[in-house]
Structure formats: structure tokens, C-alpha cells
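Report on the structure given below.
Both backbone and side-chain heavy atoms feed into the values below; hydrogens, waters and symmetry mates do not.
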Amino acid sequence: ARELSLPREGDTSESPLLHRSLGEPVYASSGLARAVEAVRRDRTTRLTPATLTSEGIRPSIEVVGPLVRGEELVGFAAVTLDPADIDAIVTDYTGLGKTGDIVGLATVGPQVIATTPSRANPNLAYTPIVKRGDERLRRYQEIVSGSPFRGRATDIEGHDAMGAWVRIPSLGWGLAVTQHADEVFAVARAQQSVVTTVALVAILPVALLGFFV
């Protein structure tokens, strides 16, 4: 964790840490700077906005919160999240069979990007998957705007899937949990087959008995 100090009103000096972190041009338009401005405005904890992977390196994810003394905002606290910790959660496919997937999503400009790896693509995180307004992956575009959905749609790999698509406000991300429709319905088909077999075994003797009688 680290603190980013905020100059008091009327004080023209800046702490070296604040100047180094947010004052230089390289940081002025960064996700951290934008998160700090959002926290300054509404005094709620924010996650740094998503950015794209640069030269194969995933951007850091930071949680920024206000430091308040009495009713006065005196600074900010930023905690960096290790992407591996998030990956460990979303890549736990317990209960999702062989085709289940969990993918985080966010927007960068007109692009909807993945914020986590997918089951089929471990390098998917922070790369664009679809442009907003495209006919593909409509559910993925809708959830980043806050439109949840449960049912049948196309998953991120283009497969027919059953799933739930929902936006997580605390992260500012969408989250898609899907499983191929074939695998979902395979259990139901197996059950139907068993029921049919049992019915035939029960009905056939009765039909034969009726025929001979």
C-alpha cells in the first residue's frame, strides 16, 4: 500500500511522492490518475480503469481509496492487486465441466476488452475482443453497460453456450460465466434416455401380456 498526499487548500507545495506519481506527463493520463480524480470527486473507493496490454505486459490493477481526517480529504491510499490472485479465482472451473469459462470484461474507448484469461486463451487478458456496436458478442457488449442476462448466447470463443452475463459495479467490470450448450444438455439427454429405457422395460411386458391374453 502507498499513500498519495493531497496538498491542503492554499498550500502550493506538493509532496515528492505525489509529484512523482501523478504530476509527470507519463502519469497525468494514467488509470491511477483518473482513479484518484474520481475518488477526489465522490470519496468512494475505485478500481483503476482498464487499459490495454503493452508489449505483452498486463497493466497493474490498483484499488484507490480516500484518506479522510474528520470531514477533510487529506490523501489517497492505493493498493496494487496481483493479476495472479484474480486469475486464480476466475480460472477455478469447479462445477463448470470441461467447457465452462469465466471471463472478466471492461471497456477501453470503443473496444470491449477481456480483463482475465479465458479457458482457451491464457493470454486473453487486457486485449480487445469486440468493438462496441458490432453484431458479434452482443451480451458481452451489453453487460459492460449494465444489462444483465441469463440464458443461451454465443460465448467468447464463438460456441453456443448457456450462461450468465452480469456487471459487477464494485469492479466496474462485466463478468461472463458460460458452459457449452452441448455439455449442459448432455445431462438432460442422458436422463431422458434413462427414463425412456425404464419406461420401455416397464411397458413392454404389459403390452406383450395384453397381446397374448
Side-chain angles (χ1 to χ4, degrees), residues 1-55 57-90 102-117 124-133 137 139-149 165-177:
R2 52 200 167 94
E3 294 185 5
L4 307 177
S5 61
L6 178 70
R8 296 179 180 275
E9 186 174 346
D11 184 356
T12 59
S13 65
E14 285 187 326
S15 72
L17 184 57
L18 177 67
H19 179 77
R20 185 169 65 250
S21 296
L22 300 176
E24 297 176 10
V26 67
Y27 295 108
S29 61
S30 68
L32 178 59
R34 284 182 286 161
V36 165
E37 286 306 312
V39 174
R40 186 204 302 268
R41 183 177 60 252
D42 57 26
R43 298 195 182 189
T44 61
T45 301
R46 293 292 188 95
L47 199 70
T48 48
T51 56
L52 297 177
T53 294
S54 177
E55 298 180 353
I57 300 174
R58 290 169 62 172
S60 61
I61 305 171
E62 297 186 86
V63 181
V64 183
L67 297 177
V68 179
R69 182 181 297 138
E71 295 185 356
E72 183 181 7
L73 179 67
V74 297
F76 306 92
V79 178
T80 301
L81 300 180
D82 186 346
D85 292 336
I86 297 175
D87 292 354
I89 296 171
V90 299
I102 304 173
V103 178
L105 303 140
T107 55
V108 174
Q111 299 281 357
V112 176
I113 71 165
T115 53
T116 61
L124 185 68
Y126 293 93
T127 60
I129 59 169
V130 67
K131 189 173 182 179
R132 301 190 76 166
L137 299 176
R139 297 303 177 191
Y140 290 81
Q141 298 178 56
E142 291 168 1
I143 60 171
V144 292
S145 300
S147 298
F149 176 77
W165 293 258
V166 66
R167 187 173 186 271
I168 311 297
S170 58
L171 287 178
W173 288 4
L175 196 67
V177 182

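Taking each heavy atom of Pro128 and Gln111 in turn, the nearest pair found is CB-OE1, 3.6 Å. Smallest separation of non-hydrogen atoms from Ala78 and Glu62: CB-OE1, 4.0 Å. Nearest heavy-atom pair across Gly104 and Thr116 is N-OG1, 2.8 Å. In terms of heavy-atom proximity, Ala35 sits nearest to Leu47 at CB-O, 4.4 Å. Thr44 approaches Asp42 most closely through the heavy-atom pair OG1-OD1, 2.9 Å. Pairing each heavy atom of Leu124 with each of Pro117, the nearest pair is CB-CA, 4.3 Å.
If you take OG1 on Thr107 and NZ on Lys131, they are separated by 14.0 Å, rounding to the nearest 0.5 Å. Expressed to the nearest 0.5 Å, how far CG of Leu67 lies from CG of Leu73 amounts to 7.5 Å. One distance of note links CD1 of Ile86 with CZ of Arg58; it measures 7.5 Å at 0.5 Å rounding. For the atom pair CZ (Arg43) and CD (Glu71), the distance works out to 8.0 Å, reported to the nearest 0.5 Å. To the nearest 0.5 angstrom, Ile113 atom CD1 is 7.5 Å from Thr127 atom OG1.
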Next on the checklist: Under the criterion salt bridge (charged side-chain N to carboxylate O under 4.0 Å, His left out), I'd like the reasoning laid out for Arg34 against Glu37: C-alpha separation, chi angles, the key distance, then a yes or no.
Outcome noted: CA-CA 5 Å; Arg34 284 182 286 161; Glu37 286 306 312; over 6 Å; no
Next on the checklist: Walk me through whether Ile129 and Leu105 qualify under side chain to side chain contact (heavy atoms under 4.5 Å, CB included).
Outcome noted: CA-CA 9 Å; Ile129 59 169; Leu105 303 140; 3.2 Å; yes
Next on the checklist: Is there a side chain to side chain contact (heavy atoms under 4.5 Å, CB included) between Leu32 and Phe76? Walk through the geometry before answering.
Outcome noted: CA-CA 11 Å; Leu32 178 59; Phe76 306 92; over 6 Å; no
Checklist entry - Given the rule in the side chain to side chain contact (heavy atoms under 4.5 Å, CB included) test, do Arg132 and Val112 qualify, once you have shown the distances and angles that lead to the verdict? => result CA-CA 7 Å; Arg132 301 190 76 166; Val112 176; 3.7 Å; yes
Item to check | Intermediate values then yes/no, side chain to side chain contact (heavy atoms under 4.5 Å, CB included), Leu175 and Ile143 | outcome: CA-CA 8 Å; Leu175 196 67; Ile143 60 171; 5.8 Å; no
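With hydrogens and angles disregarded, no donor-acceptor distance shorter than 3.5 Å links the side chain of Thr115 to the backbone of Ala106. Using modelled atom types, one side-chain atom of Thr53 and one backbone atom of Ala125 make a donor-acceptor pair closer than 3.5 Å.
The aromatic rings of Trp165 and Tyr140 sit perpendicular to each other, their planes meeting at more than 60°, with 30° as the lower class boundary.
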